[in-house]
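All residue numbers refer to positions in the sequence shown, counting from 1.
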Amino acid sequence: MKDSRTNDMNLQKRIESVLKKNQARNTMKNFIKNSKIKLEPLKYISIMTTSVCTSNCVYCPYPYAWTTKNPGYMSDELYQKIVLDIKNTYPGFGGHYSYQNGNEPTADPKFIERMEYFYQQLPNARINFPTNANLLTPKRSKQLIDLMLRYEDFNDGRIHYGILVHFAGTDKESWNEIMGSRYKYEDVVHNIQSLLKYNNQRDNIIPIDIMGYHGADPHGSTLFDMEEQVPYTKENLDLWFYDPEDYEKHLRSLFDGIAPYTWNTMLFQNRAGDLRLFDEWRGNRQVREIGPDNEFTCARFFDGKGLHVLYDGSVTVCCNDWQKRNILGNLSTQTISELFDSEEYKEFMYMGHGYISSPPDFICKLCTDMQAIQDEGMS
């Protein structure tokens, strides 16, 4: 039989260990609660006004996103509250406002009305308008272009993204297979042609970029070190949808001669670990270390640079959090200033930067979004 004093000593050590851990945890909580983050100017806003998308692209997490499983629509009152809060907090806001957050913006029947309200309150803003053009009828194209030209000065020397049309595939069959649209291919092509024609009538002032994804990259971790970047060949890509040269030929056959436009096709990356391709799970693979010896930063949200809101007012880390895993606050009950000063936001910033430890599945450890990391074109 063991000496009872030995048992008492072991118990005392366990108690001391627990107390020490609790003390460290409480010390960290107090530090986070009482600390102040040095906030950067707000540069990037995305707001989901409706959870609806009219496509089910094979490389998009939309079909199994939290907002798809829990659909909803942002009320006028909440939308106006958020816009006025931005105005009061950042009266000279001149950054980029993307009228979407994991959805199709034209699925909101009030998208023109709401965009105009944003412009009226924040006239120096630059709106990025991404769309699959399924619902962008000739009438709506005219309204959209007229609205953007009425409020934005596209010749002011700043970067204006304009209208971004997502149109993948190299023919009708591949477009249907890849994008999974609920609408007819011929009607969507007509919508894009009408968009280009009317922009041409208005002197082609608004940039229009037609883009698609031609493959999936399994080497996300190497993309962050350009010296080790893997060549984009069919042999070392995880999945190849089509050849970029065929994509260019397809676009030229449909849209050349109508009006100027730019085009690009790129690799679809796994971003934040939420990707499935043809029902096969591709997520939850760590692509970077983040911690005291591996500090990190990102353009999407760090230090007040970004604000990403779902239809219910929930503030997500960025547009890559499809599963609503990291909600930092809610603008239906908070102001932006309260959000950025909250314990939830500060704790996430400290973990994101690597100042304090984070779990292995921390969202930023899984993300391969190069645009966010490099902060390109955000000025």
Review point. Are Tyr73 and Val52 co-members of a hydrophobic cluster defined by side-chain heavy atoms under 4.5 Å apart?
Key: no
Check your understanding: Do Tyr311 and Thr50 have side chains that get closer than 4.5 Å, going by heavy atoms?
Key -> no
Check your understanding: Looking only at side chains, do Asp171 and Ser174 share a donor and an acceptor under 3.5 Å apart?
Key -> yes
Revision key, fill the gap. To the nearest 0.5 Å, atom OG1 of Thr170 lies from atom CD of Glu248 at 13.0 Å
Check your understanding: So do Leu144 and Ser141 actually touch side chain to side chain, heavy atoms under 4.5 Å?
Key -> no
Practice item. Determine, using the 4.5 Å side-chain heavy-atom cutoff (strictly less than), whether Ile327 and Leu307 are members of one ILVMFWY cluster. Key: no
Practice item. Using only heavy-atom distances, determine whether the side chains of Asn103 and Tyr62 contain a donor-acceptor pair under 3.5 Å. Key: no
Review point. Do you know the tightest heavy-atom contact between Glu152 and Arg126?
Key: OE1-CA, 3.5 Å
Check your understanding: Which distance, rounded to the nearest 0.5 Å, do you find between the CD1 of Ile336 and the CG of Asp85?
Key -> 4.0 Å
Review point. Above 12 or not: heavy atoms from other molecules or residues under 6.0 Å from CD of Gln80?
Key: yes
Exercise for review: Indicate whether the side chain of His160 and that of Asn128 have a donor and an acceptor atom separated by less than 3.5 Å.
Suggested key: no
Review point. Which heavy-atom pair separates Ile47 from Met74 by the least distance, and what is that distance?
Key: CG2-CE, 3.8 Å
Check your understanding: With a 4.0 Å cut-off, would you call Lys38 and Asp303 a salt bridge?
Key -> no
Practice item. Please confirm whether the backbone N or O of Cys364 pairs with a side-chain atom of Arg288, one donor and one acceptor, at under 3.5 Å? Key: yes
**Study point:** Heavy-atom closest contact (Ser253 atom, His250 atom, distance)
**Key:** OG-O, 2.6 Å
Check your understanding: Are Asp209 and Tyr161 close enough that a side-chain donor and a side-chain acceptor fall under 3.5 Å?
Key -> no
Exercise for review: Would you mind checking if Arg325 and Asp361 are paired as a salt bridge, meaning a charged N to carboxylate O distance below 4.0 Å?
Suggested key: no
Check your understanding: Got a donor-acceptor contact below 3.5 angstrom from the Lys87 side chain to the Ile82 backbone?
Key -> no
Review point. After noting the C-alpha distance and the side-chain angles of Ile112 and Arg140, does the key distance pass the side-chain contact (heavy atoms from CB on, under 4.5 Å) rule?
Key: CA-CA 8 Å; Ile112 294 291; Arg140 286 178 140 197; 5.9 Å; no
Practice item. Tell me, please, which residues at least two apart from Ser342 pass side-chain contact (heavy atoms from CB on, under 4.5 Å). Key: Gln334, Glu344, Tyr345
**Study point:** His308 and Ser46 side chains, donor-acceptor separation under 3.5 Å
**Key:** yes
Review point. Can you tell me if Arg182 uses its side chain to pair, donor with acceptor, with the backbone of Cys53 under 3.5 Å?
Key: yes
Practice item. I would like to know whether Gln100 and Thr49 meet side-chain contact (heavy atoms from CB on, under 4.5 Å); could you show each step before the answer? Key: CA-CA 7 Å; Gln100 58 83 42; Thr49 59; over 6 Å; no
Practice item. Decide, yes or no, whether a salt bridge links Asp146 with Arg150 under the criterion of side-chain N to carboxylate O below 4.0 Å. Key: no
Review point. Are the side chain of Thr67 and the backbone N or O of Asn70 linked by a donor-acceptor pair below 3.5 Å?
Key: no
Review point. Under a 4.5 Å cut-off applied to non-hydrogen side-chain atoms, are Leu267 and Tyr213 in contact?
Key: no
Review point. Are side-chain N/O atoms of Lys324 and Thr316 paired as donor and acceptor at under 3.5 Å?
Key: no
Revision key, fill the gap. Smallest heavy-atom separation, Ala259 atom then Asn204 atom, equals CB-OD1, 3.7 Å
Check your understanding: How about Thr333 and Glu338: do any of their side-chain heavy atoms sit closer than 4.5 Å?
Key -> no
Point to revise | Under 3.5 Å donor-acceptor, Asn200 side chain and Leu196 backbone | key: no
Check your understanding: So how far is it from Ser98 OG to Met48 CE, rounded to the nearest 0.5 Å?
Key -> 11.0 Å
Study note, to complete from the structure: Heavy atoms of His96 and Ile159 approach each other most closely as CE1-O, 3.3 Å
Review point. Does the distance from a Lys or Arg side-chain N to an Asp or Glu carboxylate O, for Asp156 and Arg158, drop under 4.0 Å?
Key: yes
Practice item. Find the distance between OH (Tyr198) and CD (Gln143) and round it off to the nearest 0.5 Å. Key: 10.0 Å
Check your understanding: So, are Lys249 and Glu245 salt-bridged, with charged N and O less than 4.0 Å apart?
Key -> no
Point to revise | Plane angle bin for Tyr350 and Tyr355 - parallel if under 30°, tilted between 30 and 60°, otherwise perpendicular | key: tilted
Check your understanding: Got a donor-acceptor contact below 3.5 angstrom from the Tyr247 side chain to the Thr265 backbone?
Key -> no
Review point. So do the side chains of Val189 and Phe167 get within less than 4.5 Å of each other, counting heavy atoms only?
Key: yes
Check your understanding: Under 3.5 Å, is there a donor-acceptor pair between the side chain of Thr89 and the main chain of Ile86?
Key -> no
Exercise for review: Compare every heavy atom of Met148 with every heavy atom of Ile127, then report the nearest pair and how far apart it is.
Suggested key: O-CE, 3.6 Å
Point to revise | Within residues 114-137 or reaching into it, pairs that qualify as ring-ring contact (aromatic ring centres under 6.0 Å, His included) - sequence neighbours excluded | key: Tyr97-Phe118, Phe111-Phe129, Tyr119-Tyr151
Check your understanding: Should the heavy atoms of other residues, nucleotides or ligands under 6.0 Å from CD of Glu186 be counted, would the total exceed 12?
Key -> yes
Review point. Does the side chain of Ser55 come under 3.5 Å of the side chain of Asn134 through a donor N or O and an acceptor N or O?
Key: yes
Check your understanding: Sub-3.5 Å donor-acceptor pair from the side chain of Lys365 to the main-chain atoms of Pro359, do we have one?
Key -> yes
Point to revise | Plane angle bin for Tyr99 and Tyr79 - parallel if under 30°, tilted between 30 and 60°, otherwise perpendicular | key: perpendicular
Practice item. Answer yes or no: is there a side-chain heavy-atom contact under 4.5 Å between Ile145 and Leu195? Key: yes
Check your understanding: At what distance, to the nearest 0.5 angstrom, does CE of Met211 lie from OG1 of Thr262?
Key -> 10.5 Å
Exercise for review: Report yes or no: do Tyr183 and Asn191 form a side-chain donor-acceptor pair below 3.5 Å?
Suggested key: no
Check your understanding: Is the shortest heavy-atom distance from the side chain of Tyr59 to the side chain of Ile178 under 4.5 Å?
Key -> yes
Review point. Under the criterion side chain to side chain donor-acceptor pair (under 3.5 Å), which of Thr106, Asn132, Thr131 is the partner of Thr54?
Key: Asn132
Exercise for review: Please confirm whether the backbone N or O of His190 pairs with a side-chain atom of Ser194, one donor and one acceptor, at under 3.5 Å?
Suggested key: yes
Exercise for review: Indicate, with yes or no, if Val83 and Leu339 share a hydrophobic cluster defined by side-chain heavy-atom contacts under 4.5 Å among Ile, Leu, Val, Met, Phe, Trp and Tyr.
Suggested key: yes
Check your understanding: Stepwise, does the ring pair (Phe, Tyr, Trp, His ring centres under 6.0 Å) test hold for Phe362 with Phe296?
Key -> CA-CA 13 Å; Phe362 183 67; Phe296 180 66; 8.8 Å; no
Review point. When rounded to the nearest 0.5 angstrom, what is the spacing between SG in Cys60 and NE2 in His166?
Key: 8.5 Å
Check your understanding: Is a side-chain N or O of Asp321 found less than 3.5 angstrom from the main chain of Asn326, in a donor-acceptor match?
Key -> yes
Check your understanding: Please walk me through it: do Lys305 and Leu42 pass side-chain contact (heavy atoms from CB on, under 4.5 Å)?
Key -> CA-CA 4 Å; Lys305 290 181 182 179; Leu42 183 64; over 6 Å; no
Review point. Under 3.5 Å, is there a donor-acceptor pair linking the side chains of Ser181 and Asn176?
Key: no
Exercise for review: Taking the side chain as every heavy atom from C-beta outward, state whether Asn101 and Val309 have any atom pair closer than 4.5 Å.
Suggested key: no
